[in-house]
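Notes to accompany the following structure.
Proteins come first, then strands; the chains are lettered A, B, ... in the order of their sequence lines, and each starts at number 1. Bear in mind that the values here come from a model prediction, so they are computed numbers and not experimental data.
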Amino acid sequence: MSQRHAFPSKAFQNALLRWYDHHARTLPWRAVPGQTPNPYHVWLSEIMLQQTTVAAVGPYFQKFTQIWPNVHALAKANPERVMKEWAGLGYYARARNLIACAQQITQEYGGVFPQEELDLLKLRGVGPYTAAAIAAIAFNKQAVVIDGNIERVTARLFRIQKPLPSSKPLIRHHAMDLFKNIKRSGDFAQSLMDLGATICTPQNPKCSECPVKNFCEAFEKGDAALYPLKNKKKKIPVREGKVFWLTKNKQLVCEVREKDRMLGGMLGLPTTDWDLKHDASDVNRDAFKAIDTGLSITHTFSHFKLILKIYAAQVKVLPKKNMKFIPIHDILDSGLPSLFQKVARKMITS
DNA sequence: AAAACGTGGGG
DNA sequence: TCCCCAAGTTT
């Protein structure tokens with residue numbers, strides 16, 4: 001019985017760090033070599049980057065750091081303003097948690113970020129990945145950082161035959177080998193993520209350019225693109241509802257959505273509930289006696305697709321307490337989430 | 001522990 | 001149009 005020899009961590013780490021020293025991406029939140037990372041920038045960028053692309057985050061990071069240059073400023077911020085500035089980035093619980101976390105840091109830590117992974121893990125919106133990432137990147141603490149990139153890189157390096165998500169424990173086991181005794185913890189974590197983003201990509205990985213191809217079992221077999229194996233996703237259902245374009249002169253009725261609803265805490269337009277689409281039409285109650293405009297929008301969320309039929313009416317007063325008038329002229333700049341931005345754009349341009 | 005939670009871009 | 005994906009967390 002022969003066991004596979006231990007993974008050559010040191011040689012792997014050196015090869016990857018050598019590559020990183022030459023090819024690291026320049027990112028707005030990333031400290032330049034030799035400069036001390038700004039924990040606020042690291043934290044803010046990590047929250048924004050959760051399930052989001054680097055390209056999408058760029059402008060939001062610039063805007064947030066300009067308006068709120070540090071945690072203290074963010075902790076004191078008007079929450080509605082924060083939600084407005086987050087509009088369009090998605091996963092709005094992140095913005096609600098961002099505010100809560102900033103307040104946690106000012107109240108429980110005197111405005112100074114904790115450096116230990118286990119303390120970071122207690123912060124709102126900071127889970128296992130983000131706690132490890134902040135500990136490593138902001139404070140150069142040894143931490144095993146595992147995001148989607150590093151899962152993919154690891155699955156290929158070890159040619160893992162079990163599909164995600166059930167392979168996560170095995171991937172973690174191998175990732176711990178990669179990070180063993182790492183000194184430049186933050187650089188190493190970022191080098192793995194940069195590798196995943198630019199070379200070891202989900203499709204068409206550029207294996208010939210890979211600085212660690214000689215450590216990679218999938219490269220050896222020539223089938224890196226097959227990994228990580230994944231279970232098939234189920235199809236998402238279609239739901240349908242009505243959205244109301246209620247005007248008074250040049251003003252539009254908007255509402256701040258309840259925090260426990262979809263798009264919670266965000267500005268929106270009044271809608272019915274969003275029910276599963278049936279053939280038997282019109283399960284929805286029309287609360288506002290509004291007229292069918294014949295217009296509609298569709299929007300795909302992560303777990304369902306929504307068809308929203310647009311109904312219009314003129315009103316004299318605000319229908320409910322949580323509602324307010326916004327000048328139609330300003331509505332496209334009011335911080336609507338994309339779903340409602342589509343409705344407003346359609347109504348204004350048609 | 002599976003499902004909820006957004007969005008935009010690419011193939 | 002459809003599917004996949006992008007620095008995950010919370011319940």
Distance test, side-chain N/O of A:H303 to OP1/OP2 of B:dA3, below 4.0 Å: no
Are A:K342 and B:dT7 close enough that a side-chain N or O sits under 4.0 Å from OP1 or OP2? no
Checking all strands, does A:I150 fall into the base, sugar-phosphate, or nothing category for heavy-atom contacts under 4.0 angstrom? nothing
Using a heavy-atom cut-off of under 4.0 Å over every strand shown, decide if A:W86 touches base, sugar-phosphate, or nothing. nothing
Let me spell it out: for each of A:R261 and A:A56, pick the nucleotide of DNA chain B with the closest heavy atom. Which residue's pick is nearer the 5' end? A:R261
May I ask you to verify if any side-chain N or O of A:T130 is less than 4.0 angstrom from the OP1 or OP2 atom of C:dG8? no
Counting the atoms with a prime plus P, OP1 and OP2 as sugar-phosphate, which does A:M48 contact under 4.0 Å by heavy atoms, base, sugar-phosphate, or nothing? nothing
Detail all sub-3.5 Å separations between protein N/O atoms and N/O atoms belonging to nucleotides 2-6 of chain C.
{"residue": "C:dC5", "atom": "OP2", "partner": "A:K233", "partner atom": "NZ", "Å": "3.1"}
{"residue": "C:dA6", "atom": "OP2", "partner": "A:R152", "partner atom": "NH1", "Å": "3.2"}

Nearest whole Å is fine: how far is B:dC5 P from A:K259 NZ? 16 Å
Assign A:L27 to base, sugar-phosphate, or nothing according to its heavy-atom contacts below 4.0 angstrom with the strands shown. base
Can a salt bridge be assigned to the pair A:R81 and A:E85 using a cut-off of 4.0 Å between side-chain N and carboxylate O? yes
In whole Å, what is the span from the CD1 atom of A:I236 to the C1' atom of B:dC5? 13 Å
Could you list the donor-acceptor pairs under 3.5 angstrom formed between side-chain atoms of residues 257-265 of chain A and any protein atom two or more places apart in sequence or on another chain?
{"residue": "A:R257", "atom": "NE", "partner": "A:M262", "partner atom": "O", "Å": "2.9"}
{"residue": "A:R257", "atom": "NH2", "partner": "A:M262", "partner atom": "O", "Å": "3.0"}
{"residue": "A:R261", "atom": "NH2", "partner": "A:E255", "partner atom": "OE2", "Å": "3.3"}

Side chain of A:T247, backbone of A:L252: donor and acceptor closer than 3.5 Å? no
Under-4.0 Å side-chain N/O to phosphate OP1/OP2 contact, A:H299 with B:dG6: no
